[in-house]
A.B. asks: 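Below: one structure in structure tokens.
Whatever order the structure lists ligands and atoms in, that order sets their numbers, starting from 1. The chain is numbered in sequence order, starting from 1.
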Amino acid sequence: RGKKAFIAGVADDNGYGWAIAKSLAAAGAEILVGTWVPALNIFETSLRRGKFDESRVLPDGSLMEITKVYPLDAVYDTPEDVPEDVKTNKRYAGSSKWTVKEVAESVKEDFGSIDILVHSLANGPEVSKPLLETSRYGYLAAISASSYSYVSLLQHFAPIMNPGGATISLTYIASERIIPGYGGGMSSAKAALESDTQVLAFEAGRKHGIRVNTISAGPLRSRAAKAIGFIDMMIDYSSENAPLQKELSAEEVGNAAAFLASPLASAITGTVLYVDNGLNAMGVGV
Ligand code: NAI
């Protein structure tokens, strides 16, 4: 039986979510994605018009198929949580059932169960502000979109995950080392995500027999990273200072995710796996 994967946080072909989808598809998984509601229209249109066809090519020459795209906004758990202005916003009004609980229900209705859950999303409205200047609103919004969103996804999807299943999120070393410029509470959000990875590994392991891991990825020129504003500098810094002096490709993170999701990793849970050309191991720049 082929495995089914739900990947939350795919809205173009540049980010880690897309690369993870490809690696999982190459390994034979059926791909379902959750796309942020405001980005849904352009993503689906681009997909339909063949704009991503070149990046859909898998190692065997076939094209990755996305079985279904679900609208998702991971900062809302149930319809009752959605404020009126969002409900009536024209980018949201055209879609329905996009809160976490409703998406899990739709996936259950459509496919019964899944095997792999990937959280590849983050958002911090004040990311370009230093932590010292971050507002309470900005900090809590970063935690809500980037950390609690994972707790919520697991809460609602774990019951429809087959035993032996795996879940993976994406984190960044700014959680444990000082990375000036990664502000707005995003460093705090990643620290929460990593700590939660351990607690959730215990709870979901005991209750559902599933594994929970996170990948601490090196810098990638994704849409989200470009919005932070220092991505080119981080890529240069990495190629100057990391043990492996090459640019990190999204595919390398995708492949590590496919490993973590596979039976090859059946005893690995509660871990942070660094996929960063080894940069995390350096104590000083060279
Ligand atoms: P990306 O822009 O491809 O992915 C972020 C996605 O999150 C986007 O598709 C966006 O639409 C979605 N999103 C934002 N708010 C959402 C919400 N409320 N509900 C649902 N979806 C929402 O960028 P990237 O960089 O691939 O990000 C994926 C993950 O990788 C994030 O967790 C990020 O922090 C992490 N990461 C990225 C690094 C980089 O250098 N690009 C380095 C280390 C970790």
A.B. asks: Considering only heavy atoms of T171, which atoms of ligand 1 have at least one such atom less than 4.0 Å away?
C.D. replies: 43 (C), 44 (C)
A.B. asks: Who gets closest to atom 14 (C) of ligand 1 by heavy atom: G9, A122, P71, A145?
C.D. replies: A122
A.B. asks: Under 4.0 Å from a heavy atom of P219: which atoms of ligand 1 are those, numbered in the order shown and with their elements?
C.D. replies: 40 (O)
A.B. asks: Where's the contact between K190 and ligand 1, heavy-atom distance under 4.0 Å: side chain, backbone, both or neither?
C.D. replies: side chain
A.B. asks: Between E109 and K97, does any NZ, NE, NH1 or NH2 come within less than 4.0 Å of an OD or OE carboxylate oxygen?
C.D. replies: no
A.B. asks: Would you say Y16 and ligand 1 have an N/O pair spaced under 3.5 Å apart?
C.D. replies: yes
A.B. asks: Give me the residue, atom name and distance of the protein heavy atom closest to atom 23 (O) of ligand 1.
C.D. replies: S222 OG, 3.1 Å
A.B. asks: Can you check whether Y92 and W98 have ring centres sitting under 6.0 Å from each other?
C.D. replies: yes
A.B. asks: By number and element, which atoms of ligand 1 are closer than 4.0 Å to a non-hydrogen atom of L72?
C.D. replies: 19 (N), 20 (C)
A.B. asks: Going by the order shown, which atoms of ligand 1 are within less than 4.0 Å of some heavy atom of A224?
C.D. replies: 1 (P), 2 (O), 23 (O)
A.B. asks: Pick one of side chain, backbone, both or neither for how N123 approaches ligand 1, counting any non-hydrogen atom pair under 4.0 Å.
C.D. replies: side chain
A.B. asks: Can you establish whether the number of heavy atoms outside K246 located under 6.0 Å from its atom NZ is more than 12?
C.D. replies: yes
A.B. asks: Can you sort out which atoms of ligand 1 are near A225, meaning under 4.0 Å from one of its heavy atoms?
C.D. replies: 41 (N)
A.B. asks: Please state which protein non-hydrogen atom is closest to atom 9 (O) of ligand 1 and give its distance, to 0.1 Å?
C.D. replies: A11 CB, 3.4 Å
A.B. asks: Could you walk me through whether N213 and L273 pass the side chain to side chain contact (heavy atoms under 4.5 Å, CB included) test, one step at a time?
C.D. replies: CA-CA 8 Å; N213 291 292; L273 179 67; over 6 Å; no
A.B. asks: Could you check whether any side-chain N or O of S152 sits under 3.5 Å from a backbone N or O of S149, counting only pairs where one atom can act as donor and the other as acceptor?
C.D. replies: no
A.B. asks: What are the atoms of ligand 1, with element, lying closer than 4.0 Å to any heavy atom of A74?
C.D. replies: 17 (C), 18 (N), 19 (N), 20 (C)
A.B. asks: Report the member of W36, Y76, F43 with the shortest heavy-atom distance to atom 11 (O) of ligand 1.
C.D. replies: W36
A.B. asks: Take T214 and S169 through the side-chain hydrogen bond (donor to acceptor under 3.5 Å, both in side chains) test and state the conclusion after the steps.
C.D. replies: CA-CA 5 Å; T214 188; S169 68; 2.8 Å; yes
A.B. asks: Would you say that more than 12 heavy atoms from the other residues, nucleotides or ligands in this model lie under 6.0 Å from the CG of L63, or not?
C.D. replies: yes
A.B. asks: For atom 35 (C) of ligand 1, grab the closest protein heavy atom and report residue, atom and distance to one decimal in Å.
C.D. replies: L170 CB, 3.6 Å
A.B. asks: So which protein heavy atom does atom 4 (O) of ligand 1 come closest to, and at what separation?
C.D. replies: S120 O, 3.8 Å
A.B. asks: L220 to ligand 1: N or O pair under 3.5 Å?
C.D. replies: yes
A.B. asks: Would you mind running through ligand 1 and noting each atom that sits below 4.0 Å from a heavy atom of G218?
C.D. replies: 40 (O), 42 (C)
A.B. asks: Among Y150, F6, F111, Y70, whose ring-ring contact (aromatic ring centres under 6.0 Å, His included) with F157 holds?
C.D. replies: F6
A.B. asks: What do you reckon, is CD1 of I178 surrounded by more than 12 foreign heavy atoms closer than 6.0 Å?
C.D. replies: no
A.B. asks: Just to confirm my output: which protein heavy-atom neighbour is closest to atom 7 (O) of ligand 1, and how far is it?
C.D. replies: L121 CB, 3.3 Å
A.B. asks: Enumerate the atoms of ligand 1 whose separation from the nearest heavy atom of I231 is less than 4.0 angstrom.
C.D. replies: 40 (O)
A.B. asks: Can you confirm whether D110 is buried at CG, in the sense that more than 12 heavy atoms of other residues, nucleotides or ligands lie under 6.0 Å from that atom?
C.D. replies: yes
A.B. asks: For a side-chain contact (heavy atoms from CB on, under 4.5 Å) with V103, tell me which candidate from L72, D73, L153 qualifies.
C.D. replies: L72
A.B. asks: On a heavy-atom basis, I'd like to know which of G15, A217, A39 is closest to atom 43 (C) of ligand 1.
C.D. replies: A217
A.B. asks: So for ligand 1, is D73 a polar contact partner (N or O within less than 3.5 Å, distance only)?
C.D. replies: yes
A.B. asks: I'd like to know if R48 pairs up with E44 as an ion pair, taking the criterion as any Lys NZ or Arg NE/NH1/NH2 lying under 4.0 Å from an Asp or Glu carboxylate oxygen.
C.D. replies: no
A.B. asks: Answer yes or no: is there an ion pair linking E80 with K101, defined by an N-O contact shorter than 4.0 Å?
C.D. replies: no
